[in-house]
Participant: 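I am attaching a structure below and will ask some questions about it afterwards.
Within every chain, numbering begins at 1; the chains are lettered A, B, ... in the order of the sequence lines, protein sequences first and strands thereafter.
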There are 2 protein chains.
Amino acid sequence: MNDVAAAAGVALKTVSRVVNNEPGVNAATALRVHAAIDRLGYRRNDSARTLRRGRTASIGLVIEDAADVFYSSLSRAVEETALHHGCLLFTGSSQEDAARERDLVLAFCARRVDGLIIVPAGTDHTYLAPEFEAGTRAVFADRPPGAGCEADVVLSDNVGGARAGTAHLIAHGHRRVAFLGDLPRIFTAAERLRGYREALAAAGLPYDEGLVAMGPAEPARLRADLTRLLGASDPPTALLTGNGRTTVETLRALASITGSAPGPATTGAFPDRAPPGLGGLALVGFDDFELADLLGVTVVAQDPARLGRTAADLLFLRLAGDGGAVTRFELPTRLIPRGSGERPPPPRRDRG
Amino acid sequence: MNDVAAAAGVALKTVSRVVNNEPGVNAATALRVHAAIDRLGYRRNDSARTLRRGRTASIGLVIEDAADVFYSSLSRAVEETALHHGCLLFTGSSQEDAARERDLVLAFCARRVDGLIIVPAGTDHTYLAPEFEAGTRAVFADRPPGAGCEADVVLSDNVGGARAGTAHLIAHGHRRVAFLGDLPRIFTAAERLRGYREALAAAGLPYDEGLVAMGPAEPARLRADLTRLLGASDPPTALLTGNGRTTVETLRALASITGSAPGPATTGAFPDRAPPGLGGLALVGFDDFELADLLGVTVVAQDPARLGRTAADLLFLRLAGDGGAVTRFELPTRLIPRGSGERPPPPRRDRG
DNA sequence: CGACGCCTGGACAACGTTGTCAGCACGCCG
DNA sequence: CGGCGTGCTGACAACGTTGTCCAGGCGTCG
């Protein structure tokens with residue numbers, strides 16, 4: 001900027017004014033300054049600007065895994081909103097690791113981001129207190145913050161969605177519905193388990209721990225759990241899978257267990273169709289996923305983009321000075337019947 | 001920092017030394033400083049640090065669309081490498097818009113990122129010249145920079161992959177292979193078209209423009225193009241789809257055209273299986289995608305994570321001072337046969 | 001014709017950090 | 001006992017920008 005001023009034969013401050021479109025600069029002078037800027041290839045140093053002004057016009061986003069379609073959709077929506085507010089976006093993946101979440105958040109704070117959107121991996125967010133003190137705002141998305149951390153949060157209706165999915169299966173005659181979820185320490189997994197149990201209770205069905213398998217969506221784990229479930233004396237006739245990854249890996253595991261491979265399309269019309277490899281099982285998956293429509297998989301759909309958009313809107317509202325009480329949004333889920341969730345259970349042999 | 005110094009009864013510089021783990025501070029003094037830091041909840045201001053030191057320890061990544069699995073995988077790999085180098089990552093989606101790409105890149109540069117990884121949407125990168133002058137390094141990924149821009153680039157072997165996919169179909173007896181690609185102004189689309197043509201030429205088959213449809217992967221567009229292709233007097237017996245989105249939307253369009261829906265698995269074993277709704281068509285898709293294995297879709301797989309990792313490694317090599325000549329990496333693709341690409345054409349009616 | 005106000009431009013400090021250099025105390029050695 | 005090296009601490013400038021304040025020139029109005 002100094003060089004530009006020298007080249008244009010004006011004072012530093014005049015260049016600053018021109019660069020920032022501030023009024024009070026003669027048109028001819030501005031022209032001379034612009035010419036110098038172009039000639040020298042000058043670009044304003046936003047680090048210095050940031051330092052002087054206090055606001056960085058950037059926000060930080062911590063998600064679980066940028067490569068997962070759920071979070072990448074959320075991320076994309078946040079990015080769009082941020083850009084709309086003239087903000088740049090730092091992103092980082094916590095990998096479901098509380099320490100890494102914390103390190104990322106603090107690194108963003110050290111960069112003095114104006115705000116944060118966090119999909120928390122950990123359950124202790126007291127480390128944020130000094131940041132809040134310093135004026136940084138945070139909105140939690142998909143999962144709430146740990147106890148003692150007062151912050152806005154935007155969630156999906158996990159309980160309601162799981163309840164609806166389970167009830168849907170029950171309504172189609174199933175009495176033995178298994179639940180395959182993620183680790184119960186993960187908020188959404190625990191909530192969905194709760195919804196599953198509520199639906200069972202509402203239908204007067206017993207809760208059978210033997211029908212529940214919680215853990216990461218790893219192929220080997222799921223194959224083992226499914227083998228156990230299906231080999232039991234009173235096996236489930238339907239499955240509720242607790243998230244998108246689990247649904248997909250369950251389809252894969254089932255295909256490998258039943259030994260069946262996808263086959264050419266039959267002419268069977270909805271709702272007789274069902275994805276390949278399911279055997280006689282009915283299936284409802286939490287989370288929609290690519291090609292679920294073609295595979296005929298019934299799902300309880302969340303809207304990750306809306307989750308991200310809502311969180312970002314809320315954050316910018318706060319950054320604009322909204323000092324209202326901490327809020328908790330809960331976005332609805334939507335059950336999309338596609339065939340796999342509408343199949344009746346096979347006739348029971350022990351009643352034959 | 002000033003407050004910390006006052007609270008600890010030491011000079012500013014001493015706090016700086018403690019914060020940066022610089023040697024030459026008495027252990028007792030350091031302890032006092034640490035206590036003051038904790039008490040005040042002090043966090044170093046990296047904006048100021050950045051300003052003083054010149055390096056920001058952050059890089060910028062511009063991709064096409066953060067919500068697309070191809071780019072989100074690439075993005076994730078870049079993020080991992082960046083974190084490994086103690087760098088934070090700015091991300092932005094260009095949405096295939098050259099102006100937006102430029103704005104994002106320049107915004108990152110104004111933030112004084114140390115380096116850039118760019119999946120270019122535009123073909124003119126002369127706007128980068130002042131940045132290069134100022135010492136910013138850039139690596140292009142997936143697509144090369146426009147003419148006149150000397151920079152490292154990491155690509156997939158688009159020509160070779162498309163050639164292999166086409167040759168695979170030809171080897172299975174197909175003589176009428178259609179190509180559904182993206183807009184030809186997109187580098188990868190043009191390259192894959194080239195590979196397709198090379199394979200035809202190598203097999204002595206004519207290039208028939210009527211078998212080629214280039215455009216964005218929009219359902220309506222694809223449905224129209226496919227209807228036209230399949231309704232022609234001499235329709236294709238096989239398809240090569242030019243990217244992941246196109247493959248998925250093609251499957252969807254075919255399902256809606258043929259009216260067939262996915263059906264329960266048959267016991268047909270590989271390679272007789274094929275995805276639902278294909279009719280008698282053979283299909284090879286460029287890019288692997290989730291569930292392609294279950295659907296039995298043969299693909300030419302790229303490795304987006306490796307693309308991102310390679311680009312990031314190259315960037316950090318440059319940032320570490322490597323001044324070698326500009327390089328151009330070309331990563332191999334891999335043909336994964338899964339059934340849809342191994343089906344022979346139906347017996348030709350006109351030869352009855 | 002003079003005073004006043006507006007428009008334009010510039011000098012200077014400050015943002016929070018780090019690099020440079022100087023100073024001080026202490027201990028050791030000559 | 002003095003000089004000097006060493007280990008620790010501090011003062012100060014600088015990074016590049018912007019906010020505040022002031023000065024000078026010119027037009028206008030009394």
Side-chain angles (χ1 to χ4, degrees), chain A residues 1-34 36-37 40-58 86 106-107 109-114 130-131 133-136, chain B residues 1-34 36-37 40-58 86 106-107 109-114 130-131 133-136:
Chain A
M1 191 139 129
N2 233 327
D3 300 344
V4 174
V10 298
L12 194 59
K13 181 61 197 178
T14 302
V15 179
S16 172
R17 274 195 266 262
V18 170
V19 167
N20 293 294
N21 282 319
E22 284 176 36
V25 177
N26 189 299
T29 313
L31 218 65
R32 235 172 46 240
V33 171
H34 273 127
I37 286 177
L40 298 176
Y42 164 81
R43 300 282 157 76
R44 179 176 62 198
N45 184 330
D46 275 359
S47 288
R49 176 170 222 248
T50 273
L51 177 60
R52 190 61 178 79
R53 311 234 310 191
R55 282 233 166 163
T56 58
S58 58
L106 291 183
C109 288
R111 294 304 217 286
R112 291 297 186 273
V113 293
D114 297 331
E131 315 305 334
E133 201 75 25
T136 310
Chain B
M1 192 138 129
N2 234 326
D3 301 342
V4 175
V10 298
L12 193 61
K13 181 62 198 179
T14 301
V15 179
S16 171
R17 273 194 268 261
V18 170
V19 168
N20 293 294
N21 282 317
E22 285 176 35
V25 177
N26 190 301
T29 314
L31 218 62
R32 235 173 42 242
V33 171
H34 273 127
I37 287 178
L40 298 177
Y42 164 81
R43 301 282 156 78
R44 178 175 62 197
N45 184 329
D46 275 0
S47 288
R49 175 171 222 246
T50 273
L51 176 61
R52 189 62 176 80
R53 311 235 309 191
R55 282 234 167 163
T56 59
S58 59
L106 291 183
C109 286
R111 293 302 215 288
R112 291 298 187 274
V113 293
D114 296 332
E131 315 305 333
E133 201 74 26
T136 311

Participant: Report the end-to-end axis angle of the helix from C:dC1-D:dG30 to C:dG30-D:dC1; each axis comes from five terminal pairs, and the value is rounded to 10°.
Facilitator: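 End-to-end axis angle for the helix from C:dC1-D:dG30 to C:dG30-D:dC1: 60°, rounded to 10°.
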Participant: Are any side-chain N or O atoms of A:R112 and backbone N or O atoms of A:C109, one a donor and one an acceptor, separated by less than 3.5 Å?
Facilitator: yes
Participant: Using side chain to side chain contact (heavy atoms under 4.5 Å, CB included) as the criterion, point out the one residue from B:V18, B:V15, B:V19 that pairs with B:H34.
Facilitator: B:V18
Participant: So A:R44 and A:N20, side chain to side chain contact (heavy atoms under 4.5 Å, CB included) or not? Walk me through it.
Facilitator: CA-CA 10 Å; A:R44 179 176 62 198; A:N20 293 294; 2.6 Å; yes
Participant: Assign each of B:Y42 and A:K13 to its nearest nucleotide of DNA chain C by heavy atoms, then name whichever residue's nucleotide is nearer the 5' end.
Facilitator: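 Nearest nucleotide further toward 5': that of A:K13.
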Participant: Do you know which two heavy atoms are closest between A:L51 and B:A48, and how far apart they sit?
Facilitator: CD1-CB, 3.7 Å
Participant: Taking any heavy-atom pair under 4.0 Å as a contact, classify A:S16: base, sugar-phosphate, or nothing.
Facilitator: base
Participant: If you find the nucleotide of DNA chain D closest to B:L12 and the one closest to A:M1, which residue's nucleotide is nearer the 5' end?
Facilitator: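 The 5'-side residue here is B:L12.
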Participant: Under the side chain to side chain contact (heavy atoms under 4.5 Å, CB included) criterion, do B:R111 and B:S58 qualify, and how do the steps go?
Facilitator: CA-CA 9 Å; B:R111 293 302 215 288; B:S58 59; over 6 Å; no
Participant: For residues B:S47 and A:T56, report the shortest heavy-atom separation together with the two atoms involved.
Facilitator: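 Residues B:S47 and A:T56, closest heavy atoms: OG-CG2, 4.3 Å.
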Participant: Looking only at non-hydrogen atoms, find the nearest pair between B:G86 and B:A57 and report the distance.
Facilitator: O-CB, 3.8 Å
Participant: Over all heavy atoms of both residues, which pair between A:L40 and A:A7 is shortest? Give the atoms and the distance, please.
Facilitator: CD1-CB, 4.0 Å
Participant: Using the heavy-atom set of chain A and a strict 4.0 Å cut-off, write down the first and last nucleotide of DNA chain C that makes it in, 5' to 3'.
Facilitator: C:dT8 to C:dG16
Participant: Which is true for B:N20 with a 4.0 Å heavy-atom rule: it touches a base, it touches only sugar-phosphate, or it touches nothing?
Facilitator: sugar-phosphate
Participant: Reckon B:V25 touches a base, only the sugar-phosphate, or nothing at all at heavy-atom distances under 4.0 Å?
Facilitator: sugar-phosphate
Participant: Output yes when a side-chain donor or acceptor of A:R17 lies under 3.5 Å from a complementary backbone atom of A:E22, and no otherwise.
Facilitator: no
Participant: Starting from C1' on D:dC8, measure out to CZ on B:R32 and report it in whole angstrom.
Facilitator: 12 Å
Participant: Could you tell me whether A:T29 contacts a base, only the sugar-phosphate backbone, or nothing, with contacts defined as non-hydrogen atoms closer than 4.0 Å?
Facilitator: sugar-phosphate
Participant: Can you say whether a donor on the side chain of A:R17 sits under 3.5 Å from an acceptor on the base of D:dG19, or the other way round?
Facilitator: no
Participant: Nearest whole angstrom, please: distance from the C1' of D:dT20 to the CZ of A:R53.
Facilitator: 15 Å
